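First up is the structure itself, then whatever we jot down about it.
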Amino acid sequence: QVQLVESGGGLVQPGGSLRLSCAASGFTLEYYAIGWFRQAPGKEREGVSCISSSGSTTYSADSVKGRFTISRDNAKNTVYLQMNSLKPEDTAVYYCAAASTGIPTMVKTHPYEYGYWGQGTQVTVSS
């Protein structure tokens, strides 16, 4: 069974850090581009950070650039999102997603490009 499972969310104070993990089972992440998306109440799902299957290309939204870092460990079949200097506006449910790709250096930034999704993990930034 193909599955993505996010973990690492929680409650953190402004300025704090969290590291989200996205573990895959039932398939090998090595051949997939991965994206982290988030959705706050009443808002559309937005792309946060994305990484190509090779890991050589990454994308970060302007709102998180310089604060969030996406990385992957294909040996562990896991992708990470390191989030630093968190702000209240980062509060949302965070989802990881996988997209098949034939181009190892290509990132995919739109939700419709992704075929596999995790169940999401809540991140709350509040004092």
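Note that the structure is a prediction, hence the values are computed from the model and not measured. Starting from 1, each residue takes its place in the sequence as its number.
- Atom NZ of K65 has more than 12 heavy atoms from other residues, nucleotides or ligands within 6.0 Å.
- Under the 30°/60° scheme for interplanar angles, the aromatic rings of F68 and Y94 are found to be tilted.
- Using modelled atom types, one finds no donor on one side chain facing an acceptor on the other under 3.5 Å when comparing R19 with Y80.
- Applying the 6.0 Å contact sphere to CZ of F27 captures more than 12 heavy atoms from other residues, nucleotides or ligands.
- Going from atom CD of E30 over to atom OG of S53 covers 8.0 Å, rounded to the nearest 0.5 Å.
- From L4, atom CG reaches atom CG of L29 across 6.0 Å, with rounding to the nearest 0.5 Å.
- In this structure, the side-chain contact (heavy atoms from CB on, under 4.5 Å) partners of T58, at least two apart in sequence or on a different chain, are I51, I70.
- Looking at E6 and S21, their side chains never come closer than 4.5 Å, going by heavy atoms from C-beta outward.
- Residues K43 and R38 fail the side-chain proximity criterion, which asks for heavy atoms closer than 4.5 Å.
- M83 pairs with exactly one of V48, V125, L20, T69 by the side-chain contact (heavy atoms from CB on, under 4.5 Å) rule, that one being L20.
- Contact check for P14 versus L86: no side-chain heavy atoms found under the 4.5 Å cut-off.
- You'll find the side chain of T91 stays beyond 4.5 Å of the side chain of V123, heavy atoms only.
- With rounding to the nearest 0.5 angstrom, the OG atom of S49 is 13.0 Å from the CD1 atom of I34.
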task = Could you give me the CA-CA distance, side-chain angles and deciding distance for T78 and D73, then say whether side-chain hydrogen bond (donor to acceptor under 3.5 Å, both in side chains) is met?
result = CA-CA 5 Å; T78 302; D73 185 339; over 6 Å; no

Which atom pairs, one a donor and one an acceptor, fall under 3.5 Å between side chains of residues 103-115 and the rest of the protein, sequence neighbours left out?
unit_1: K108; atom_1: NZ; unit_2: S100; atom_2: O; d: 2.8
unit_1: E113; atom_1: OE1; unit_2: T109; atom_2: N; d: 3.1
unit_1: E113; atom_1: OE1; unit_2: H110; atom_2: N; d: 3.0
unit_1: Y114; atom_1: OH; unit_2: K108; atom_2: O; d: 2.4

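- How far OG of S54 is from OH of Y31: 13.0 Å, rounded to the nearest 0.5 Å.
- Note on residues 5-81: pairs passing disulfide bond (SG atoms under 2.5 Å apart), not counting sequence neighbours, are C22-C96.
- T121 contributes atom OG1, which lies 7.5 Å from atom CH2 of W36 (distance to the nearest 0.5 angstrom).
- Annotation for E44: atom CD does not count as buried by contact number, only 12 or fewer foreign heavy atoms lying within 6.0 Å.
- Taken from CD in Q3 to OG in S25, the straight-line distance is 4.5 Å, to the nearest 0.5 Å.
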